[in-house]
Amino acid sequence: MQEGLHTDLATTPAQRVFLSWAVDVLIYVAVLNLWVEWSPNKTIDSFTISILTAALLKVLLDLVTTAKGRVLDWARRGEGRSRRVAGLFGVWAILFFSKFLILEAVDIVFGDRVTLGSFVDVLLLAATLMLARQAMAAAYRRLG
């Protein structure tokens with residue numbers, strides 16, 4: 001029998017986290033490098049830097065997703081329209097300001113080695129990363 005990831009029928013939580021990270025970082029590396037190739041004002045100095053950038057984006061996007069989920073849970077648990085409105089505003093604020101966080105974090109960590117573009121560019125990049133991740137997950141589920 002061939003050895004590999006597909007031979008393990010039961011996985012531990014640690015294995016699932018590792019596999020999720022590995023797949024997401026590989027997806028992000030592919031998207032980032034295509035992003036840089038197709039956009040003349042975006043730069044990543046090397047493939048190694050693109051891997052590190054993808055890992056940083058994975059951390060940041062997971063933090064944003066977790067924060068968004070917590071705010072939504074808070075809004076759903078409460079009663080009244082004002083709490084729901086506050087929850088929606090909170091989610092909007094997280095999604096809006098997270099792009100600035102991403103730009104600043106990438107600049108602090110990588111400096112001139114990585115240029116992702118403007119706020120709108122990062123917004124489109126984040127959306128593309130999330131869509132690529134969802135497309136891979138959908139393909140995986142469809143094969144099951």
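Within 6.0 Å of CZ on R142 lie no more than 12 heavy atoms contributed by other residues, nucleotides or ligands. Within a 6.0 Å sphere centred on CZ of R83, heavy atoms belonging to other residues, nucleotides or ligands number more than 12.
Considering all non-hydrogen atoms of both residues, V71 and G87 come closest at CG1-O, 3.4 Å. For the pair K99 and L123, the tightest heavy-atom approach, listed with the atom from each and the gap, is CE-CD1, 3.7 Å. Taking both residues in full, the closest heavy atoms of A75 and R84 are given as O-CG, 4.1 Å, listed atom of the first, atom of the second, then distance.
Annotation: side-chain contact (heavy atoms from CB on, under 4.5 Å) contacts of V64 (sequence neighbours excluded): I94, L95, S98. T65 is linked by a side-chain contact (heavy atoms from CB on, under 4.5 Å) to M130, counting only residues two or more places apart in sequence or in another chain. For Y140, the side-chain contact (heavy atoms from CB on, under 4.5 Å) test picks out no residue, with sequence neighbours left out. Not counting sequence neighbours, the partners of F89 by the ring-ring contact (aromatic ring centres under 6.0 Å, His included) test are W92.
Taking the charged nitrogens against the carboxylate oxygens, D73 and R77 have no contact shorter than 4.0 Å, which rules out a salt bridge.
Under a 3.5 Å cut-off, the side chain of T53 and the backbone N or O of I49 do form a donor-acceptor pair.
Under the 4.5 Å side-chain contact rule for hydrophobic residues, I27 and V29 do not share a cluster. In the hydrophobic cluster analysis, where Ile, Leu, Val, Met, Phe, Trp and Tyr join through side-chain heavy atoms closer than 4.5 angstrom, L63 is grouped apart from L125. Linking ILVMFWY side-chain heavy atoms closer than 4.5 Å, directly or via other members, places L26 and L34 in two distinct hydrophobic clusters. Residue V25 is not grouped with residue V106 when hydrophobic side chains (ILVMFWY) are merged at heavy-atom distances under 4.5 angstrom, including chains of intermediate members. A single hydrophobic cluster is seen to contain both L61 and L101, as judged by linkage of ILVMFWY side chains at heavy-atom distances under 4.5 Å, directly or through other members.
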What pairs of donor and acceptor atoms, side-chain ones from residues 109-120 against any protein atom, are under 3.5 angstrom apart with sequence neighbours left out?
| unit_1 | atom_1 | unit_2 | atom_2 | d |
| --- | --- | --- | --- | --- |
| T115 | OG1 | T43 | OG1 | 3.2 |
| S118 | OG | V120 | N | 3.4 |
| S118 | OG | D121 | N | 3.4 |
| S118 | OG | D121 | OD2 | 3.3 |

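Of the candidates L19, D24, V17, V17 is the only one forming a side chain to side chain contact (heavy atoms under 4.5 Å, CB included) with W21. For the side chain to side chain contact (heavy atoms under 4.5 Å, CB included) criterion with S50, the lone passing option out of D45, V36, N33 is N33.
Counting only residues at least two apart or on different chains, no ring pair (Phe, Tyr, Trp, His ring centres under 6.0 Å) pair has a member in residues 36-75.
Annotation: the span from L32 atom CG to I44 atom CD1 amounts to 4.5 Å, rounded to 0.5 Å.
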Item to check | W35 vs L124, side chain to side chain contact (heavy atoms under 4.5 Å, CB included): CA-CA, chis, key distance, verdict | outcome: CA-CA 10 Å; W35 189 260; L124 292 172; 3.6 Å; yes
